[in-house]
Number of protein chains: 2
Amino acid sequence: MATVLDGAVRIFRERGYNATSIADLSLATGLAAGSIYKAFKDKRGLFLAAFDRYVEEGDALRRLAFQNGGNGRDKLKSLLGLYANASSGAEGMRGCLVAGSTIELATMDAATARQVKAAHARTEQLLVRTIREGQVDGSINAAIDSGASAGLMLCILQGMRVVGKTGRSRDDMNALVELAMKILD
Amino acid sequence: MATVLDGAVRIFRERGYNATSIADLSLATGLAAGSIYKAFKDKRGLFLAAFDRYVEEGDALRRLAFQNGGNGRDKLKSLLGLYANASSGAEGMRGCLVAGSTIELATMDAATARQVKAAHARTEQLLVRTIREGQVDGSINAAIDSGASAGLMLCILQGMRVVGKTGRSRDDMNALVELAMKILD
DNA sequence: TTATTTTGGAATTATTCATTTCCAAAATCA
DNA sequence: TGATTTTGGAAATGAATAATTCCAAAATAA
């Protein structure tokens, strides 16, 4: 089942929900259309399962990035580095399921749209918490607005994912990370 | 003709190329399907015309933002302010045709993809030029890498357009602008 | 005024789409 | 071993799609 969802995640990242047909999903997951419908009820159900898996995997990667510890600033730098890597080369061109789904928000039903917005809210909350942690441990300027800087960080992360679709090198993306950290000064 | 393209720009911004049908375009432009085909050859032709118009309008807005003059830093602040406004409220939720098209890159033919990438390149070149201008007039730190900081600015601008789809207030977005300017310190 | 050309769009066409139906093979149960 | 249930998927269905055809009204030319 996990590999079915991995295949779905991949094709939805590349093409988005609307441009991905059941035939595409069948190729990507290895299941025939009838089986997809038996397992997920419909295309939207498979999308939601894939989206959840993608968000969970992202959460796990972010936790891993934070496990190397250090102070708030170190953690944020790890996070930006993680996104810089994910946004470069062939993997970067594949795209982000959250960014892609955000662009398609207008074509989604309310419940699906809520899931997409919730994913952003969760990332933004993590950013706020980590910035505040840095402000407490002294690694981040205590005077900056944690909400605003978290919002800016979220834009940078999403922007990397979009620009990554056009093909950027790892060096290009990593160069941005150093500069972005100045926001926290 | 201009209002036809304006209608097309609007619906493509909101829904993207793939999720916009000829029926949608007919409603948005006021032309029947047969007329659309006579004027633009096909859906892709209308999209390209709409995309060109959107990019040209964006260029005009950026020129306008720069006309208030000032040094390099002032100009960049105006540009970020322009994007912050465009990315907030109902207008922000409508989305950006360039960001949206970037997400759909994998579903485009090579010529259309080149146009989308060219739009990014043009914005990035403007950012590089303006940062260098600021480094010459002393308003921007001469030591920072103009290429990397332009790349980061591009990510911020595109990220604002994506996050703006989820609904952000003008105050939220403007708060980011102040912080983003620290990159140039 | 009549003939011809141009224009706008309704209707149609062929294809693709999401979803359902139905069938046969495999697995399970008695 | 035979009967029944489960499972996977090919084929079919009805709707939506991009694009084309054809018609009538409007405009132009003689």
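A note on names: the letters A, B, ... follow the listed sequences, proteins ahead of strands, and every chain is numbered from 1. Treat the numbers as computed from the prediction; the structure is a model and nothing was measured.
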Enquirer: Would you say NZ of A:K77 has more than 12 non-hydrogen atoms from neighbouring residues, nucleotides or ligands within 6.0 angstrom?
Expert: no
Enquirer: Expressed in angstrom and rounded to an integer, what is the separation of A:R15 atom CZ from C:dT16 atom P?
Expert: 14 Å
Enquirer: What are the residues of residues 17-44 of chain A, sorted by number, that bring a heavy atom to within less than 4.0 Å of DNA chain D?
Expert: A:A32, A:G34, A:S35, A:K38
Enquirer: Run the salt bridge (Lys or Arg N to Asp or Glu O under 4.0 Å) test on A:R94 and A:E91 for me, step by step, so that the C-alpha distance in whole Å, both residues' side-chain angles and the decisive distance to 0.1 Å come before the verdict.
Expert: CA-CA 5 Å; A:R94 204 156 277 142; A:E91 178 64 17; 2.9 Å; yes
Enquirer: Looking at A:D52, A:D6, A:L97, which hits side chain to side chain contact (heavy atoms under 4.5 Å, CB included) with A:E57?
Expert: A:D6
Enquirer: Look at B:E124 together with A:R168 and state whether they make a salt bridge at an N to O cut-off of under 4.0 Å.
Expert: yes
Enquirer: Consider only side-chain N and O atoms of A:S169 and A:D171, and report whether a donor and an acceptor are under 3.5 Å apart.
Expert: no
